[in-house]
J.: 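Quick one: this structure, given as structure tokens, is what I'll be asking you about.
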There are 2 protein chains.
Amino acid sequence: MAHNQFKHLAMGDIAKKAGVCMATVSRTLNNPDRVSEKTRNLVMKVVEDMGYIPNRLAASLRQGRSRNIAIMLPDITNPYFSPIVRTIEQISLARGYSVILKDTQDDPALERSFAEMVKTRQVDGIITNSQRIPFDVDLTLPLHEQLPPIVNASEFCDLDGIPKVGVDNVAIGKDAAEHLLGFGHRRIAVITGTSHILSSQQREKGFRAALLQANVSFDEKLLYQGDYSCESGVAGVRAIMQLKERPTAFFCFGDQIAIGALHALRELGYKVPEDISVIGVDGIALSQYCAPPLTTVAQPLTQIGEYCATLLIDLIEGKQPEKLVHILPHQLLIRASTGPAPK
Amino acid sequence: MAHNQFKHLAMGDIAKKAGVCMATVSRTLNNPDRVSEKTRNLVMKVVEDMGYIPNRLAASLRQGRSRNIAIMLPDITNPYFSPIVRTIEQISLARGYSVILKDTQDDPALERSFAEMVKTRQVDGIITNSQRIPFDVDLTLPLHEQLPPIVNASEFCDLDGIPKVGVDNVAIGKDAAEHLLGFGHRRIAVITGTSHILSSQQREKGFRAALLQANVSFDEKLLYQGDYSCESGVAGVRAIMQLKERPTAFFCFGDQIAIGALHALRELGYKVPEDISVIGVDGIALSQYCAPPLTTVAQPLTQIGEYCATLLIDLIEGKQPEKLVHILPHQLLIRASTGPAPK
DNA sequence: TGCATAACGGAAAACGATTTCCACAAAAGT
DNA sequence: ACTTTTGTGGAAATCGTTTTCCGTTATGCA
């Protein structure tokens, strides 16, 4: 009713005009090499002249696939995801897929409802940052026979057999800790990510392991449960700096946390890194513009996106990927927010 | 071929199992009130038990609409867009639409190709930040008869009759300038947004008007063409601070520019706001965590998203909106990056 | 000249829901 | 008891492609 002003040509109209049959038009559009050059040019010309654009819904219905993929994120405002999403878009486009982006706000119900888009045939597969797999699975049966094409990005669910792309968060926690230990820090505070999130737990694990290995004990009062937001960085610093025995360094499990922490430390009058060092994780673009520029353990965000998209589309198209799990290398970016521990 | 492991029930299967006809199943699912409670419960139970989920592609094909909308952005990594996109998603979801997000990288060809998704019936409408309308229009005919549902967000094309949601950028330029003038600044540098973008041109216009009105002349050497990126903020400051006659304030046409500018000023050893004031535009979430917290002219980002989504969906559904153009109020957030001009 | 191959036409099934048309029954109203 | 509603069944058209199944003609090659 609404917008009939756009008369939609059907393939039959083109066929009639060009004096060929529909099959030929379809072949010309989808398998150009199966049509003689002469007919191809003829059909193409008519298509151009009349401005025909095939209805992809019809094609999708017939072919049983939509050539769309979905990305589920807990929070698209987190700049961590931007480069990942952008890369996924680029690769998908190159391979003929469109991307549907979803902000699930970490809500299981929303995750499941979005996941239904696979069942409704609106998308052919899903890239998800959630460690909850939004499909019912029977653990006694092989997973890949029950799940639609799905790739776990950055955050991993604990099921084996689910394709995953991300980093080694235990190692990240260790590397960050060792960087601070190397500067002589012994009282290191931690502002974690969202507590139920695996990446946060693993970074904590790596952190503790590094301390243990260096024979440094950890004061549990120096641990603040954050949630990967700037706000939790602010709150964490405020809480911890009230302690009698203050830390000389903060290990923030995300760059956004670190940005908030830097802000709060500034407010309280501390100098970074002279009084207190701060290290983050993620390597978001803005981290280099912090005051001071943030030392951080950078993730290969573009690469994560690249692997996710490639993996998912391979799965969709039935190409068996050689590897289902990709753990990509991280990199410690030493900038100005960390320095020697004060005496 | 790829994933037949998911046997897809069709509506006929449900009808048979429930002992009713397909029309009844369809009615139950789409117009529950046109079916007796008894049959409704029966059908619903079968639907639940068998886990039936209707194929939306088929429905879309038949109904001639996909219940998808597209958002075209030049750069999804710009945190300016995040709250807008998130709000659009929320409203769309509530009204039964899915959102397809596109990063066009300001490329006209990409914009056009994405816009074709309307013609291929993959989306019912578009929200675009580009001032290029990616459809051919005949200016002698009424626009609304030629264009599919489309809404211009934040950046406006120069055609009348296109639905638009945004702010008054001339006023924003004026307000920012007057704030600095009020602090006694007379040499104010400007780092603009992308030069061909209307919002940047208008902010400049407002800025110049305010100076003129205050009887302050503008030194053209204090104008640096940026592109809304952090990098251009850095570059702008470096270029302008090499001048013999330096400014006492920077008006950055975007918060990202301002973040880069703050960074570069810090590198050069200037104190903000004691030596130099900096004001931004946009009011992105991170602006409050800058060092010092950024004075900025904030846009009502959530509201922009809200109006865009509502407007577009109303257009799609044939409801004639009362207003096609919404200019929403901005707000000067005075924080710590601006202060009195040094003597 | 003969024959394999390629190119294309014609017609129709298929994808899976929506929607219409008509008939017919049961429930509700007068 | 008679007329309206209301609810439902049965069957089929429809959306616009893709794809198959032949059959036919043109082309190329030996």
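Below, read A as the first sequence line, B as the second, and so on, with proteins coming before strands; counting in each chain starts at 1. As the structure is a prediction and not an experimental result, all values here were calculated from the model.
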J.: Using the side-chain heavy atoms of B:Asn55, tell me which of these nucleotides is nearest: D:dT17, D:dG16, C:dA17.
T.: C:dA17
J.: State which of C:dT19, C:dG16, D:dG9 makes the closest approach to the side chain of B:Gln63.
T.: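 Minimum distance to the B:Gln63 side chain belongs to C:dT19.
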J.: Using distance alone, with no hydrogens and no angle criterion, decide if A:Glu306 and A:Thr87 have a side-chain donor and acceptor under 3.5 Å apart.
T.: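 No, no side-chain donor-acceptor contact under 3.5 Å.
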J.: May I have the distance from A:Asn30 (atom CG) to D:dT19 (atom P), rounded to whole angstrom?
T.: 7 Å
J.: Of the nucleotides D:dT20, D:dT18, D:dT17, which one has an atom closest to the side chain of A:Ala23?
T.: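 Of the candidates, D:dT20 comes closest.
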J.: Do the side chains of B:Arg132 and B:Asp106 get close enough for a salt bridge, i.e. N-O under 4.0 angstrom?
T.: yes
J.: Return whichever of A:Gly19 or B:Ala10 has its heavy-atom-nearest nucleotide of DNA chain C closer to the 5' end.
T.: A:Gly19
J.: Ignoring hydrogens and angles, tell me if any N or O in the side chain of A:Thr310 forms a donor-acceptor pair with the backbone of A:Tyr307 under 3.5 Å.
T.: no
J.: Can you measure A:Ile53 atom CD1 to D:dC15 atom P for me and round it to whole angstrom units?
T.: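 Result: 20 Å.
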J.: Using a cut-off of strictly less than 4.0 Å, decide whether A:Tyr52 has a side-chain nitrogen or oxygen near OP1 or OP2 of D:dG16.
T.: no
J.: Over how many whole Å does the gap from B:Ile14 atom CD1 to C:dG16 atom P extend?
T.: 13 Å
J.: Can you tell me which nucleotide in D:dT18, D:dG9, C:dT18 comes closest to the side chain of A:Arg62?
T.: D:dT18
J.: From NZ of A:Lys16 over to P of C:dG9, roughly how many Å is that when rounded to an integer?
T.: 15 Å
J.: Nearest whole Å is fine: how far is C:dT19 P from B:Arg65 CZ?
T.: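 After rounding, the gap between these two atoms is 8 Å.
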J.: Just how far, in rounded Å, is C1' of D:dC15 from CE of A:Met11?
T.: 14 Å
J.: Where the side chain of A:Arg27 is defined as all heavy atoms beyond and including C-beta, which of C:dG9, C:dG16, D:dG9 is the nearest nucleotide?
T.: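 Nearest listed nucleotide: C:dG9.
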J.: Measure NZ/A:Lys38 against P/D:dA26 and give the value in whole Å, please.
T.: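 Checked: the NZ to P distance equals 10 Å.
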J.: I want to verify a distance call: between D:dT19, D:dT17, C:dG16, whose nearest atom is closest to the A:Ser26 side chain?
T.: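 Nucleotide nearest to A:Ser26's side chain: D:dT19.
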J.: Quick check: does any side chain N or O of B:Asn152 sit under 3.5 Å from a backbone N or O of B:Ser130, one acting as donor and the other as acceptor?
T.: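 Yes; judged by distance alone, with no hydrogens or angles, the pair exists.
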J.: Out of C:dT19, D:dT18, C:dG10, which nucleotide sits closest to the side chain of A:Cys21?
T.: C:dG10
J.: Look at the side chain of A:Thr120 and the backbone N and O of B:Asn55, then say whether any donor-acceptor pair between them is shorter than 3.5 Å.
T.: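 Between the backbone of B:Asn55 and the side chain of A:Thr120 there is no qualifying donor-acceptor contact (under 3.5 Å).
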J.: Using whole Å, report how far NZ of B:Lys119 lies from C1' of D:dC15.
T.: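 Whole-Å distance recorded here is 20 Å.
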J.: In terms of the nearest nucleotide of DNA chain C, which residue is placed more toward the 5' end: B:Ala58 or B:Thr24?
T.: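 By nearest-heavy-atom nucleotide position, the 5'-most residue is B:Ala58.
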